[in-house]
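We use all heavy atoms of the structure for the numbers below, so side chains are in, but hydrogens, waters and symmetry mates are not. Just so you know, ligand 1 is whichever comes first in the structure, and atom 1 is the first atom listed for that ligand.
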Amino acid sequence: KKVAILISGRGSNMGALIRAAAEGDYPAEIAGVISDRADAPGLAAAGAAGIPARAVARDEHADKAAHEAAIEAALQELGAELVCLAGFMRLLSAGFVSRWRGRMINIHPSLLPLFKGLSPHAQALQAGVRVHGCTVHFVTEETDGGPIVAQAAVPVLADDTEERLAERVLKAEHKLYPLALALVASGAARMEDGKTVFPTPG
Ligand code: GRF
């Protein structure tokens, strides 16, 4: 399956996906990287890995609709069959999301449905949870609300700061995302009637 990765910044999850897809028997190939910001460090990292990478910057387009049309055009050019949002910090319209329904996944650094939205680590510390983690889910119109594909848990330690907790979760993200993409790219996990199903082969 041809995969396009959308980023806005560092792209560390993008890097994990690129490394995983470089393995021979991985069920997906990274066709390209698109950033909504021209200054995203992830663009250089993708280029260094030999992956076509380009910015489709928001400020180069009159409005959200034009910007999304440009992203869609770039996805078509890449022949993308699946989209991975990886540190992509822009809300996509319902139209875009419905066109990619079942073919677009995102990683969120919390055990959804807990701690949706921004600053999930601060939310976790504030709530006093002792287990935290990350979630890969299909993207739907509800932000951070789509059907879950896979999750990974990490402990919250007594003296954790937001930074230390975020770092621990990020390491788990880099293992989880490649696994979750492989499930979706191989058809082992699919979105059906708004739920994730794991059709057993045969
Ligand atoms: C990560 O915590 C990811 O979960 C969130 O954005 C953060 C930055 O990710 N979506 P990356 O380093 O740009 O992949």
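- By the criterion of side-chain heavy atoms lying less than 4.5 angstrom apart, applied directly or through intervening Ile, Leu, Val, Met, Phe, Trp or Tyr residues, Val139 is grouped together with Phe88 in one hydrophobic cluster.
- Less than 4.0 angstrom separates some heavy atom of Gly11 from each of these atoms of ligand 1: 11 (P), 12 (O), 13 (O), 14 (O).
- Taking each of His174, Arg10, Met14, His108 in turn, the one with a heavy atom nearest to atom 7 (C) of ligand 1 proves to be Arg10.
- At a 4.0 Å cut-off, not a single heavy atom of Ile7 sits close enough to ligand 1 to count as contact.
- Within the model, atoms CZ of Arg168 and NE2 of His132 stand 9.5 Å from one another, a figure rounded to the nearest 0.5 Å.
- Applying the ring pair (Phe, Tyr, Trp, His ring centres under 6.0 Å) criterion to His67, with sequence neighbours excluded, gives His61.
- For NZ of Lys116, the number of neighbouring non-hydrogen atoms (other residues, nucleotides, ligands) closer than 6.0 Å is greater than 12.
- Counting protein heavy atoms only, atom 10 (N) of ligand 1 is closest to Ile107 O, 3.3 Å.
- Protein heavy atom in closest approach to atom 6 (O) of ligand 1: Gly87 CA, 3.5 Å.
- Within a 6.0 Å radius of CD in Glu29, other residues, nucleotides and ligands contribute more than 12 heavy atoms.
- No salt bridge links Lys195 with Asp193; every basic N to acidic carboxylate O contact stays at or beyond 4.0 Å.
- With a 4.0 Å heavy-atom cut-off, ligand 1 is reached by the side chain of Glu173 but not by its N, CA, C or O.
- The protein atom (non-hydrogen) at minimum distance from atom 14 (O) of ligand 1 is Asn13 N, 2.7 Å.
- Close contacts of ligand 1 with Ser12, meaning ligand atoms under 4.0 Å from a residue heavy atom, involve 11 (P), 12 (O), 13 (O), 14 (O).
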